[in-house]
> 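I am attaching a structure below and will ask some questions about it afterwards.
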Amino acid sequence: MIQDIANPEAVEARLHKLRLLEALLFASADPLDEETLAGRLERDTDVADLLEELRAHYAPRGVNLVRTGAGWSFRTALDLAPLLRQEEEVSKKLSRAAIETLAIIAYHQPVTRAEIEAIRGVATSKGTLDILMENGWIRPGRRRETPGRPLTWVTTDHFLDHFGLESLRDLPGVEDLRAAGLLDSRPVLLGIAGGGADEPAESAETEDADG
Amino acid sequence: MIQDIANPEAVEARLHKLRLLEALLFASADPLDEETLAGRLERDTDVADLLEELRAHYAPRGVNLVRTGAGWSFRTALDLAPLLRQEEEVSKKLSRAAIETLAIIAYHQPVTRAEIEAIRGVATSKGTLDILMENGWIRPGRRRETPGRPLTWVTTDHFLDHFGLESLRDLPGVEDLRAAGLLDSRPVLLGIAGGGADEPAESAETEDADG
Amino acid sequence: MAPKPPKDGFAEEGAGPASPAEQLVLVLDGFEGPLDMLLALGREQKVDLTKISILQLADQYLAFVAEARKVRLELAADYLVMAAWLAYLKSRLLIPNVEDEEPSGEDMAAALAFQLQRLEAMKEASAKLFRRPRLGVDVFPRGAPEDVDIQRKSVFQVTLYDLLKAYGEHKKRKEGGVLHIEPVRLYSLEDAVRRLSELLGRMPDWATLSSFLPDGVRGALLNRSALAAHFAATLELAKAGQVELRQDGAFAPIYVRRAARQE
């Protein structure tokens, strides 16, 4: 950078790249990863360095450049939240079951439905995973190589974006929970929910356990 | 402005307003007029003056604050437009028929066109497979060794990539879909089946009442 | 020990003195199954969950179930299964360890304690997660994204959810070609007519309608429908001239007998 300053052309070129990056990130509502951004700039551009400069420039402003799991994006500044906050529509409010299920998937992923049920102690009602998937927060992961080959569930990049997390390591308290052994999927003695067996829930009859 | 500089508190207050304006303009889907913006700031704020300062700040950058008939909004800088728009293609919605056809190929592959039609119960329009192929989601597989040696269709690696799947085995099975609430074809007679605490819910196999 | 209904964030506090039954119902509504309830009961001990007394917890739970039964509150099966399991656990904890294949009472108690801690941890985690600034609630993306083709791969906006939903809907249509209606377990008029016609042949004198009702009909709903069906059936049969009806006053029993016919 030092030598760039001496060279007006290099300064000009760098500024041009910064402007292009700024425009690309501004235009998109979704995060963009460095690879995608690099693909739009000249070869051999140090994208990480430019992004850092942009981040610093925007840090004190009302709009910040932030990095979440999915990549970089402009977002309104966190401290303005009280002035911008929009109440969630009542219809969009998530049930307690959905909120807990999302947390279990986030902290225990990849996790099968039967494991979710063992942790919560109740069958997962229809519509819970559905709504989490519709929100773009979870997706099916790999099948577990155990009898029945149950499907696992994992969180998405959009989940990280939605909750402003850079990675899953930034989940609140995740290290403490892991250290306390509370993220173990140790088998439970008390098979409360759907038997705890990992067969794909075959009967459509699985209703709320408390129904 | 001059007198504000002498007073750190006034500078701070002005910066706060500028930040809020920035965030409001950034987050809004439509241009905002000065009246609306003034409504979000303290009384007696000179919005026009603040907007002018913001406009000046962003003028050399990749994003500009512009005024259109309807009001103020951020727009990517005009001179960058050719660089932003690599292709003229606009993101489109895939037709329902195409999504369904893709899903059927994914689940039933290798599958011939005739089989797809038999499964869907309607003829496949010529363009549907073309669109899926152009997007790189499907490709022709082996010919079926039956009379006529029809071509089969299979999904590609790009398909897995696009949908964030690691392998085809990770596609949720029908029972997983049902369990997730994506396949619910059993209407329940509300008020009767649901209201009668007479029998365990949904046990269709119980003997007739008049037995 | 007097069973005290547990208080938790979901039951309304300070809503005035409710009857034990009402409190139980309130309490049950707030829970997602027995484990959830056990956790709430455990919190009542006001100790760290790692130091919780499982024996005391079992007592609390069993007292709750006993109270629920006393006020004839219908408990879902899994609440009763849990009660049975806790009663068993209690006996294993109280009786000195015998050598056998079964896990010891202490192991079972530890496993339950672990489950409760894990559930508690997940509840806290979910609360923390949702206290974070959320996109679209606290923090906002660009409100008017510009039409720039940045990610060339997504010319078409199709998500995995769209794909799976399309397949689900397709399957639904296939399955749904035939509408499956839950068999409704109600007593039908036809059955009542058939039944009455048969029984009346053997019962020439006045008899109350209720004495014709089938025995062993389970459930209030089915019972009511049987009564309604039989009543309607007597009207049908009376219209056809096959029976005579009599009622001595409003709400009095209805009597039925075979019509005196010239056969």
Side-chain angles (χ1 to χ4, degrees), chain A residues 23-24 26-30 32 36 40 66 73-78 81 84-88 94 96-97 99-100 102-104 106-108 118-123 133-134 136 139-140 161-165 171-174 177 180-184 186 188-190 192-193 208-211, chain C residues 10 28-29 31-39 50 76-79 81-82 85 89 103 107-108 110-112 114-115 117-148 150-153 159-161 164-165:
Chain A
L24 285 167
F26 228 88
S28 171
D30 298 318
L32 299 173
T36 306
R40 301 302 295 265
V66 299
S73 51
F74 277 114
R75 298 285 183 247
T76 54
L78 207 49
L84 300 175
R85 183 165 295 138
Q86 294 194 347
E87 293 303 321
E88 262 177 295
L94 290 166
R96 199 153 68 91
I99 288 173
E100 281 178 27
L102 179 62
I104 289 167
Y107 284 79
H108 289 259
I119 292 169
R120 297 194 63 233
V122 283
M133 200 161 26
E134 195 174 358
R139 63 176 180 83
D161 189 25
H162 185 91
F163 291 97
L165 298 162
L171 282 171
V174 68
L177 291 174
L182 289 171
L183 300 185
D184 295 358
R186 89 167 74 149
V188 288
L189 278 179
L190 190 54
I192 304 157
D208 268 0
D210 51 352
Chain C
F10 308 107
L28 265 185
D29 268 352
F31 292 115
E32 299 217 32
L35 194 64
D36 200 28
M37 167 181 256
L38 267 180
L39 183 58
T50 53
D78 48 350
Y79 280 84
V81 170
M82 176 66 94
W85 193 86
L89 171 60
D107 288 347
M108 289 164 69
L112 178 59
F114 171 75
Q115 269 185 283
Q117 285 168 38
R118 190 172 57 176
L119 181 60
E120 171 88 342
M122 284 301 108
K123 281 174 183 291
E124 276 173 14
S126 70
K128 277 188 200 152
L129 193 59
F130 278 82
R131 272 201 300 270
R132 286 189 65 83
R134 291 169 57 194
L135 190 65
V137 181
D138 307 288
V139 169
F140 296 87
R142 174 81 190 271
E146 289 173 52
D147 216 1
V148 178
I150 287 163
Q151 281 161 308
R152 297 175 57 193
K153 58 182 179 181
T159 64
L160 182 61
Y161 178 76
L164 299 181
K165 190 146 182 63

> Can you see which heavy atom on A:Leu182 is nearest to which on C:Phe114, and at what distance?
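Answer, listing the atom of A:Leu182 first, then C:Phe114: CD2-CE1, 4.1 Å.
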> If you count heavy-atom pairs under 4.5 Å with chain A, which of C:Gln117, C:Glu120, C:Arg131 comes out on top?
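That would be C:Gln117.
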> Output the distance between atom CG (C:Leu160) and atom CZ (A:Arg139), rounded to the nearest 0.5 Å.
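Here the rounded value is 8.0 Å.
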> On a heavy-atom basis, which atom in C:Leu35 and which in A:Ala118 lie closest, and how many Å separate them?
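Shortest heavy-atom contact: CD2-O, 4.4 Å.
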> To the closest 0.5 Å, what do you measure between CE (C:Met122) and CD1 (A:Ile99)?
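Answer for the CE-CD1 pair, C:Met122 versus A:Ile99, is 14.5 Å.
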> Where do C:Phe140 and A:Thr76 come nearest, in terms of heavy atoms and distance?
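Here C:Phe140 and A:Thr76 meet closest at N-OG1, 2.8 Å.
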> Between the side chain of C:Arg118 and the main-chain N/O of A:Gly181, is any donor-acceptor distance below 3.5 Å?
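Not a single qualifying donor-acceptor pair exists.
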> Between A:Asp30 and C:Arg142, is there a side-chain heavy-atom distance shorter than 4.5 Å?
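Side-chain contact under 4.5 Å: no.
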> Quick one: which of A:Leu102, A:Ile104, A:Leu171, A:Val174 has the most heavy-atom pairs under 4.5 Å with chain C, could you say?
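Answer, by heavy-atom pair count under 4.5 Å with chain C: A:Ile104.
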> Residues in side-chain hydrogen bond (donor to acceptor under 3.5 Å, both in side chains) with A:Arg120, at least two apart?
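A:Arg120 satisfies side-chain hydrogen bond (donor to acceptor under 3.5 Å, both in side chains) with A:Glu100, C:Glu32 only.
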> Pick one of side chain, backbone, both or neither for A:Phe163, based on which atoms fall under 4.5 Å of a heavy atom in chain C.
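Both backbone and side chain.
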> Verify side chain to side chain contact (heavy atoms under 4.5 Å, CB included) between C:Lys165 and A:Met133, making sure each step is shown before the conclusion.
CA-CA 10 Å; C:Lys165 190 146 182 63; A:Met133 200 161 26; over 6 Å; no
> For C:Glu124, check side-chain hydrogen bond (donor to acceptor under 3.5 Å, both in side chains) against everything at least two apart and list the hits.
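Per chain and number, C:Glu124 pairs via side-chain hydrogen bond (donor to acceptor under 3.5 Å, both in side chains) with no residue.
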> Could you check A:Val122 against C:Asp36 for side chain to side chain contact (heavy atoms under 4.5 Å, CB included), going step by step and ending with a plain yes or no?
CA-CA 9 Å; A:Val122 283; C:Asp36 200 28; over 6 Å; no
> Taking all atoms of both residues into account, what is the closest heavy-atom pair of C:Leu129 and A:Ala103, and its distance?
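The answer is CD2-CA, 4.4 Å.
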> What part of C:Leu89 lies closer than 4.5 angstrom to a heavy atom of chain A: side chain, backbone, both or neither?
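Neither part; nothing is under 4.5 Å.
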> Given side chain to side chain contact (heavy atoms under 4.5 Å, CB included), test A:Leu84 with C:Asp138 step by step and report yes or no.
CA-CA 7 Å; A:Leu84 300 175; C:Asp138 307 288; over 6 Å; no
> Ignoring hydrogens and angles, tell me if any N or O in the side chain of C:Arg132 forms a donor-acceptor pair with the backbone of A:Gly164 under 3.5 Å.
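Yes, the answer is positive, given that a donor and an acceptor are paired below the 3.5 Å cut-off.
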> What part of A:Leu177 gets within 4.5 angstrom of chain C, counting heavy atoms only: side chain, backbone, both, or neither?
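Side chain only.
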> Do you know which of A:Ile119, A:Leu183, A:Leu165 has the most heavy-atom pairs under 4.5 Å to chain C?
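Looking at each option in turn, the highest pair count goes to A:Ile119.
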